[in-house]
Amino acid sequence: MARARRGARASRAGAIPYLYLAPAIALFCFFVAVPIGYTVYLSLRRAKFSGLGLGKGSRKEIFVGLDNYRAAISDGEFWASWVRVLGYAIGVLVLMLGLALVFALLLDSATVRFGRFSRIAIFLPYAVPAVVATLLWGFLYLPSLSPIHDLLEAVGITGVDLLGPGTVVFSMANIAIWGGTGFNMLVLYTQLRSISRDYYEAARIDGASEWAIALRIKVPMLVPAIVLTTVFSIIATIQVFSEPVTLRPITNALSSTWSPLMKVYRDAFVTGDLYSAAATSIVIAVISLIPSLGFLRLVRRRAFGEDV
Amino acid sequence: MRTKRLTIVMSALLVGALAAGCTSGEGEATPQETGPVDLTFWTWAPNMDKIAEVWNQAHPNIHVTVSKQAGGDESAAKFLTAAKAGNAPDLMQAEYQMLPSFVAAEAVADIKADVSAIKGEFSDGIWGLVTLGTDAVYGVPQDSGPMMLYYRTDLFTQYGVTVPKTWDEYAAAARAVHAKDKSVYLGGFSSKDPGWFAGLSQQAGGQWWSIAGDAWKVGINDTATKKVANYWGGLANEGVVDTQAQWTPEWNAALNDGKLLSWASAVWAPGVLSSNAPNGKGKWAIAPLPQWSASEQFSGFWGGSSIAVAAGSKHRKAAAEFTAWLNTDAKALDLLIKEAAVYPAAKKGQSLLTQAPDYFSNQSDFWKVATTVSSTARGFTFGPNVNVAYSAYKDAFDKAVQSKSSFTDALTTVHETTVADMKKSGFKLAS
């Protein structure tokens with residue numbers, strides 16, 4: 001008897017945390033688990049037509065196992081899009097995070113002027129939605145409208161096509177860097193402000209220059225924030241979508257499958273093949289996880305002092 | 001980062017959609033044939049709400065609510081998604097080339113029983129676009145887009161060009177104009193407009209799809225279309241036609257500033273020209289398209305749409321009644337012309353066109369020329385995966401334009417992509 005009652009009380013206490021968790025769990029189920037489950041379900045199916053496919057009942061949805069995955073993985077264009085995006089991502093990551101770090105260190109240095117204004121000015125592009133930013137820059141890249149072309153001509157460079165096959169990647173990277181630097185700078189800058197000023201004072205007493213303080217103290221202490229911004233940026237850049245899709249109508253140099261996500265969009269919403277799109281998006285999710293997890297693993301011990 | 005923010009926005013939208021779904025679910029009543037019915041109508045024609053209002057005044061039992069759409073491929077995708085989710089509108093503006101894929105997805109209803117009486121209002125060619133050559137009727141034709149040559153009269157005189165009667169003359173004129181001024185072109189090739197290329201192929205006699213018994217025949221790389229591709233490929237690689245992406249601010253500027261002297265376009269072009277090239281008002285005129293042989297007289301169609309009834313509609317009969325009225329009633333046609341700037345598909349609608357568009361005030365016989373051209377236009381059957389073909393066209397011809405490679409190879413790519421997709425989907429193909 002007594003034992004049973006204690007058991008009941010324990011289980012009642014045990015239920016309370018779940019009650020608190022219930023809203024989060026419900027939201028997670030509705031907005032994460034169920035959509036992912038449905039995507040997996042769709043990815044195993046396909047529409048099958050018979051004859052002309054026009055009469056009633058000529059369209060059936062059938063189970064095809066892993067066929068869609070096989071098709072996604074064996075599509076050469078899909079891997080070519082990964083190569084394009086990786087090249088783009090490396091360029092964007094290095095430049096964007098490099099700039100963010102430089103700006104954060106500059107803003108944090110003792111001799112900065114107009115710090116508040118600069119901070120806001122650098123951050124502001126992040127508030128512009130990617131599509132708007134791309135339209136804006138896209139118009140700037142068009143020869144007859146662009147002051148960039150006028151400037152280039154003024155210094156004697158003519159005939160530059162900023163939307164040509166060799167240049168459009170850089171034009172796109174420029175948009176991503178313009179839009180993303182501010183956010184990353186802010187994360188790094190916030191972390192810098194939380195470092196105790198005592199370290200710098202001690203360093204100065206020891207005769208360290210501002211350079212040495214930045215390189216020997218600030219950067220090492222920033223590593224966790226740098227890791228965080230890198231992981232987020234890796235995920236965001238390999239999922240590049242808005243920039244190429246928005247630029248595509250004004251250039252002949254971007255195909256409908258330029259980036260892996262664009263292929264998903266094309267399959268789902270242009271050619272109406274939701275099933276292939278579902279399979280491809282699962283493949284993309286898995287591939288995106290690899291560099292992010294890999295990078296985290298690589299730096300985990302150094303950044304967070306955890307054991308691997 | 002942005003992805004995260006997107007997730008939040010999407011979640012919020014989903015919550016909203018769910019809430020909306022719940023409320024509309026509760027209010028649902030069993031279908032009644034007597035009481036007033038509400039119909040929703042997706043269209044991108046301007047001022048359609050005003051035209052629906054005229055109908056609503058006269059028909060208290062059938063109320064039509066217009067929901068303005070963006071048009072183009074996005075609207076088609078949106079409609080298919082809505083149909084799949086079970087919340088499609090009752091009536092949908094469907095471009096002719098999209099209708100077969102709507103039918104294949106079982107998203108539109110066969111309204112033959114309700115509209116077969118109005119068959120005679122349309123030419124056989126147009127009516128074929130809504131029957132797809134079958135016994136069913138999947139929509140009522142609203143407008144059509146016969147193609148003709150739009151040209152700048154003043155600049156043709158300035159550059160010493162006469163209106164080309166054949167494509168050979170057009171090519172010669174293109175070379176002559178570009179030789180006189182490197183920044184000026186007679187016209188352009190658009191790798192962004194598969195519908196434009198389809199229209200030119202129709203003019204040449206191409207048959208991209210056809211039905212042979214219970215099987216599809218695909219002829220995207222047939223002799224006629226190859227001729228068209230080869231012709232434009234030659235001019236593009238020679239550099240005497242403009243190959244920049246069309247429908248961009250850059251292209252608008254070229255039209256507006258007289259850098260493009262002509263545009264092979266459809267009957268709806270006056271609307272585009274008046275908003276994108278306002279400087280050219282009163283300086284443009286129309287003529288029939290150049291011909292492949294001096295002795296023939298043909299045109300093709302670029303665009304045009306029908307109004308279809310969704311398969312999921314609870315009020316199919318009422319919806320069919322509305323679409324029949326909208327596209328054949330004399331008063332409705334008059335409103336379509338005046339309010340929505342539509343070139344009506346109905347035969348009697350064309351006689352209602354009297355006054356030339358404002359932009360063409362210099363050409364009093366505008367509609368006479370257009371009607372003549374329209375009677376020479378020939379179309380072809382559209383297949384069930386036009387979206388795949390059109391998407392492949394943009395990719396293949398973008399690339400061909402960019403790398404100055406063979407246009408016939410690009411056409412073969414489009415053909416093969418389309419056939420492979422049809423095979424994968426299980427459609428029966430005639431060998």
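Values in this document were obtained by computation on a predicted structure and should not be read as measured data. Every heavy atom of this structure was used, including side-chain atoms; hydrogens, water molecules and symmetry mates were not. Every chain is numbered from 1 and lettered A, B, ... according to where its sequence line falls, protein lines coming before strand lines.
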Visitor: Which bit of Glu77(A) is near chain B, if near means a heavy-atom gap under 4.5 Å: side chain, backbone, both or neither?
Guide: neither
Visitor: Is Arg46(A) close to chain B through its backbone or its side chain, or both, or neither, when contacts mean heavy atoms under 4.5 Å?
Guide: side chain
Visitor: Looking at CG of Asn387(B) and CE of Met98(B), how far apart are the two atoms once the value is rounded to the nearest 0.5 Å?
Guide: 4.5 Å
Visitor: Could you label the plane-to-plane angle of the Tyr393(B) and Phe189(B) rings as parallel, tilted or perpendicular, counting under 30° as parallel and over 60° as perpendicular?
Guide: tilted
Visitor: Measure distances from Tyr141(A) to the heavy atoms of chain B and classify the residue's part below 4.5 Å as side chain, backbone, both or neither.
Guide: neither
Visitor: Please state whether the side chain, the backbone, both or neither of Phe269(A) comes within less than 4.5 Å of a heavy atom of chain B.
Guide: both
Visitor: Output the residues of residues 245-255 of chain B for which the shortest heavy-atom distance to chain A is under 4.5 Å, in residue-number order; output 'none' if no such residue exists.
Guide: Ala245(B), Gln246(B), Thr248(B), Pro249(B), Glu250(B), Ala253(B)
Visitor: Checking Phe397(B) against chain A: side chain, backbone, both or neither under 4.5 Å from a heavy atom?
Guide: neither
Visitor: Is it the side chain or the backbone of Thr134(B) that comes within 4.5 Å of chain A heavy atoms, both, or neither?
Guide: side chain
Visitor: Quick one: pull up OH in Tyr275(A) and OH in Tyr41(A) and give me the separation to the nearest 0.5 Å.
Guide: 8.5 Å
Visitor: State the CD1-CD distance between Ile175(A) and Glu243(A), to the nearest 0.5 angstrom.
Guide: 6.0 Å
Visitor: To the nearest 0.5 Å, what is the distance between CG on Leu93(A) and OH on Tyr88(A)?
Guide: 9.5 Å
Visitor: Sort by residue number and list every residue of residues 248-256 of chain A having at least one heavy atom under 4.5 Å from chain B.
Guide: Arg248(A), Pro249(A), Ile250(A), Thr251(A), Asn252(A), Ala253(A), Leu254(A), Ser255(A), Ser256(A)
Visitor: What part of Asp267(A) is in contact with chain B, defined as an atom under 4.5 angstrom from a non-hydrogen atom: side chain, backbone, both or neither?
Guide: neither
Visitor: In plain terms, say whether Asp135(B) and Lys112(B) are close enough for a salt bridge, that is, a side-chain N and a carboxylate O under 4.0 Å apart.
Guide: no
Visitor: Considering only heavy atoms from C-beta outward, does the side chain of Leu129(B) approach that of Phe382(B) to under 4.5 Å?
Guide: yes
Visitor: Going by heavy atoms in the side chains, are Trp208(B) and Gln97(B) under 4.5 Å from each other?
Guide: no
Visitor: Using the ring centroid of each side chain, check whether Phe102(B) and Phe79(B) are separated by less than 6.0 Å.
Guide: yes
Visitor: Just so I understand: if I count every heavy-atom pair under 4.5 Å between each of Ile211(B), Asp398(B), Val386(B) and chain A, which residue has the most?
Guide: Asp398(B)
Visitor: Cut-off 3.5 Å, side chains only: do Tyr69(A) and Ser43(A) have a donor facing an acceptor?
Guide: yes
Visitor: Looking only at heavy atoms and a cut-off of under 4.5 Å, which of Val388(B), Asn385(B), Val401(B) has the most pairs with chain A?
Guide: Val388(B)
Visitor: Using heavy-atom distances under 4.5 Å, tell me whether Ser276(A) contacts chain B through its side chain, its backbone, both, or neither.
Guide: side chain
Visitor: Under a 4.5 Å cut-off applied to non-hydrogen side-chain atoms, are Gln69(B) and Met92(B) in contact?
Guide: no
Visitor: So do the side chains of Val169(A) and Arg84(A) get within less than 4.5 Å of each other, counting heavy atoms only?
Guide: no
Visitor: Taking Ala77(B), Ser425(B), Pro100(B) one by one, which has the highest count of heavy-atom pairs under 4.5 Å against chain A?
Guide: Ser425(B)
Visitor: Mind running side-chain contact (heavy atoms from CB on, under 4.5 Å) on Trp258(A) and Val85(A) for me, showing each step along the way?
Guide: CA-CA 8 Å; Trp258(A) 187 85; Val85(A) 164; 4.0 Å; yes
Visitor: So, taking the atom named CG in Leu97(A) and the one named CG in Asn184(A), what distance separates them when rounded to the nearest 0.5 Å?
Guide: 5.0 Å
Visitor: Look up atom CE in Met422(B) and atom CZ in Phe49(A), then write down how far apart they are to the nearest 0.5 Å.
Guide: 10.0 Å
Visitor: At a 4.5 Å cut-off on heavy atoms, which part of Lys424(B) comes close to chain A: side chain, backbone, both, or neither?
Guide: both
